[in-house]
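For reference, positions follow the sequence shown, starting with 1.
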Amino acid sequence: MYNSITVAVAGAGFIGPVHVEGLRRLGIHVKGLLGKDLEESTSACKQLNLAHPYANFEELLADEEIDAVHLAVPNVLHYPMVKQALAAGKHVMCEKPLAMTSEQGAELVELARKSNLKTGVNYNLRFYPINLEVRDRLRDSNDRIFSVTGSYQQDWLLYDTDYNWRVLADQGGALRAVSDIGTHWLDLVHFLTGLEAEAVLADLTTVHPQRKRPLGEVSSFTKDSEKAQATESIDVTTDDCASILFKFKGGARGQLFVSQVSAGHKNQLKYDIATQGAAYEWNSERPNELAIGRRGELNQVLMKDPGLMTGTAGRFINYPGGHNEGFPDTFKQCFRSFYDAVLGDTAAGEELYATFTDGHQELVLCDAILKSNEEQGWVYL
């Protein structure tokens with residue numbers, strides 16, 4: 001059924017090709033790709049064996065064969081490109097964050113509502129099977145949730161010689177570590193628990209107020225920054241790490257630590273959800289394991305296994321127990337959920353993928369986190 005859909009991807013960096021792979025694994029036809037210019041588009045299409053390199057976004061949108069557009073471009077481009085895509089009648093799957101500000105996000109939510117097109121934000125971590133299992137368990141048990149604690153840590157910006165466009169406020173936004181990876185945690189916690197934050201207390205830190213920017217091109221998650229090359233010193237105002245407290249509606253409490261300067265942590269999201277009946281602990285670097293703690297029983301480790309996970313997770317598991325599923329699989333499963341909705345197989349309000357409304361909510365939280373740090377106090381939403 002998915003082979004009736006034709007998609008184009010905008011973005012030739014780290015994430016764009018991941019979108020291409022995930023779409024192809026579903027059987028969706030990816031016609032072409034747009035890079036920063038025709039030369040990059042052509043090179044990327046050759047590497048990915050795609051038929052059509054686009055010269056610019058206008059050409060992509062004018063292609064009548066394209067049903068949907070995936071945006072894997074720098075944050076500053078999300079808002080204008082989403083607007084253009086919706087105006088052209090294309091379904092949109094956008095990388096996070098949805099926009100640079102909550103005002104922009106609110107506008108995109110309204111435009112999406114009026115368009116009757118399907119729109120999503122790629123918070124792919126929802127689609128690890130273990131996370132879908134936790135969501136079912138929390139809902140089925142109806143246990144009171146006491147607290148949610150966790151972290152998201154990486155080390156790819158550990159040195160002052162590490163550089164990427166994300167460190168620049170005018171390209172990625174005033175928040176960086178919180179917006180870039182912290183919003184994954186925020187979205188995941190809301191998706192799993194249904195908890196809504198009513199207040200935040202944040203402390204943001206810029207470990208490297210100056211970084212050395214290479215004069216040549218630098219790609220994400222490469223060793224380019226370690227090579228000897230000419231650099232220039234630039235001022236950085238965005239956060240390298242952050243500590244955030246949450247008050248959730250209903251009385252639950254939360255705590256999050258975010259860092260892109262934690263040595264040895266390559267891409268580690270962790271959460272620990274404490275409820276009346278049990279605690280659930282998950283680590284994205286061991287994504288096929290769920291630790292379950294109980295007061296009067298033996299603690300357990302649940303391994304991903306379709307024979308043991310028969311609820312929502314069942315549809316989003318493609319391999320038997322003992323056959324691990326990981327990061328690339330979450331993209332495939334996120335896109336499965338999205339294109340089920342495009343094909344009319346998902347009722348409104350029952351989407352598992354993050355909608356533009358979810359993406360806007362993360363922007364509202366980011367605004368509150370930024371304000372809390374500036375005022376050094378609690379901010380109520």
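Scanning both residues, Ala12 and Gly35, for their nearest heavy atoms gives CB-CA, 4.2 Å. Nearest heavy-atom pair, Val92 versus Leu86, reported as atom, atom and distance to 0.1 Å: CG2-CD2, 4.0 Å. Residue Leu302 comes nearest to Ile292 through the heavy atom pair CB-CD1, 4.3 Å, listed as atom of the first residue, atom of the second, then distance.
Think of Val301 as one node in a network of Ile, Leu, Val, Met, Phe, Trp and Tyr side chains linked at under 4.5 Å; its network also takes in Met303. Cluster partners of Phe146 are absent, since no Ile, Leu, Val, Met, Phe, Trp or Tyr has side-chain heavy atoms less than 4.5 Å from it.
Judged purely by atom type and a 3.5 angstrom limit, Gln333 uses its side chain to pair as donor or acceptor with the backbone of Phe316. A donor-acceptor pair is defined here as one N or O able to donate and one able to accept, closer than 3.5 Å; such a pair exists between the side chain of Ser141 and the backbone of Leu138. Counting only distance, with no hydrogens or angles, the side chain of Ser243 and the backbone of Asp203 share no donor-acceptor pair below 3.5 Å. Panel note: side chain Asn122, backbone Glu95; no donor-acceptor pair is recorded below 3.5 Å.
Two residues are said to be in side-chain contact when any heavy atoms from C-beta on lie closer than 4.5 Å; Trp378 and Leu245 meet this criterion. With a 4.5 Å cut-off on side-chain heavy atoms, Trp282 and Lys270 do not count as touching. A 4.5 Å side-chain heavy-atom check between Thr206 and Thr237 finds every atom pair outside the cut-off. The closest side-chain heavy-atom distance from Asn124 to Lys332 is not below 4.5 Å. In this structure, Asp162 and Trp156 have side chains that are not in contact, with every pair of non-hydrogen atoms separated by 4.5 Å or more. Looking only at side-chain heavy atoms (C-beta outward), Val134 and Ile273 come within less than 4.5 Å of each other. Using a 4.5 Å cut-off on side-chain heavy atoms (C-beta onward), Val189 and Phe246 make no contact. Proximity of His323 to Asp305: side-chain heavy atoms (C-beta onward) are nowhere separated by under 4.5 Å.
Within the model, atoms CG of Leu158 and CD of Gln154 stand 12.0 Å from one another, a figure rounded to the nearest 0.5 Å. Distance check: Glu362 CD to Ser102 OG gives 12.0 Å after rounding to the nearest 0.5 Å. To the nearest 0.5 Å, atoms CD (Gln171) and OG1 (Thr238) are separated by 11.5 Å.
Annotation: salt bridge (Lys or Arg N to Asp or Glu O under 4.0 Å) contacts involving residues 277-304, sequence neighbours excluded, comprise Arg286-Glu289, Arg294-Glu297, Lys304-Glu325. Sorted by first and then second residue, the pairs that involve residues 55-74 and meet salt bridge (Lys or Arg N to Asp or Glu O under 4.0 Å), not counting sequence neighbours, are Lys31-Asp63, Lys31-Glu65. Pairs passing the ring pair (Phe, Tyr, Trp, His ring centres under 6.0 Å) check and including a residue from residues 346-367, sequence neighbours excluded, read Phe338-Tyr353. Applying the salt bridge (Lys or Arg N to Asp or Glu O under 4.0 Å) test to every pair with at least one member in residues 10-26, sequence neighbours left out, gives these pairs: Arg25-Asp329.
Among Asn283, Thr193, Asn131, the single residue meeting the side-chain hydrogen bond (donor to acceptor under 3.5 Å, both in side chains) criterion with Tyr271 is Asn131. In summary, of the residues considered (Asp272, Thr275, Leu195), a side-chain contact (heavy atoms from CB on, under 4.5 Å) with Val148 occurs for Leu195 alone.
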Point to revise | Residue pair Arg213, Glu232: steps toward the salt bridge (charged side-chain N to carboxylate O under 4.0 Å, His left out) verdict | key: CA-CA 5 Å; Arg213 176 167 58 187; Glu232 60 179 344; 2.9 Å; yes
Practice item. Determine, stepwise, if the pair Arg336 / Asp345 fulfils salt bridge (charged side-chain N to carboxylate O under 4.0 Å, His left out). Key: CA-CA 11 Å; Arg336 180 193 300 276; Asp345 295 335; over 6 Å; no
Point to revise | Stepwise salt bridge (charged side-chain N to carboxylate O under 4.0 Å, His left out) check, Lys96 with Asp180 | key: CA-CA 7 Å; Lys96 49 76 197 165; Asp180 189 30; 2.8 Å; yes
Exercise for review: Let me see the working for Val7 and Ile66 under side-chain contact (heavy atoms from CB on, under 4.5 Å), right down to the final yes or no.
Suggested key: CA-CA 5 Å; Val7 173; Ile66 300 302; 5.9 Å; no
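Listed by chain and residue number, Leu175, Leu204, Asp239, Ala242, Ile244, Cys366, Ile369 satisfy the side chain to side chain contact (heavy atoms under 4.5 Å, CB included) test with Val178 (two or more places apart in sequence, or in another chain). Take Phe327 and apply the ring pair (Phe, Tyr, Trp, His ring centres under 6.0 Å) test, not counting sequence neighbours, and it matches Phe331. Residues that satisfy the side chain to side chain contact (heavy atoms under 4.5 Å, CB included) test with Ala99, not counting sequence neighbours, are Tyr79, Gln104, Leu108, Leu363. Applying the ring pair (Phe, Tyr, Trp, His ring centres under 6.0 Å) criterion to His184, with sequence neighbours excluded, gives Tyr123. Arg139 is linked by a salt bridge (Lys or Arg N to Asp or Glu O under 4.0 Å) to nothing, counting only residues two or more places apart in sequence or in another chain. Legend: residues meeting ring pair (Phe, Tyr, Trp, His ring centres under 6.0 Å) with Tyr2, ordered by chain and number and at least two apart, are absent.
Using cut-offs of 30° and 60° for the angle between ring planes, the Phe335 and His19 rings count as tilted.
In this structure, Arg135 forms a cation-pi arrangement with Phe191, its terminal cationic atom sitting closer than 6.0 Å to the ring centre and no more than 45° off the ring axis.
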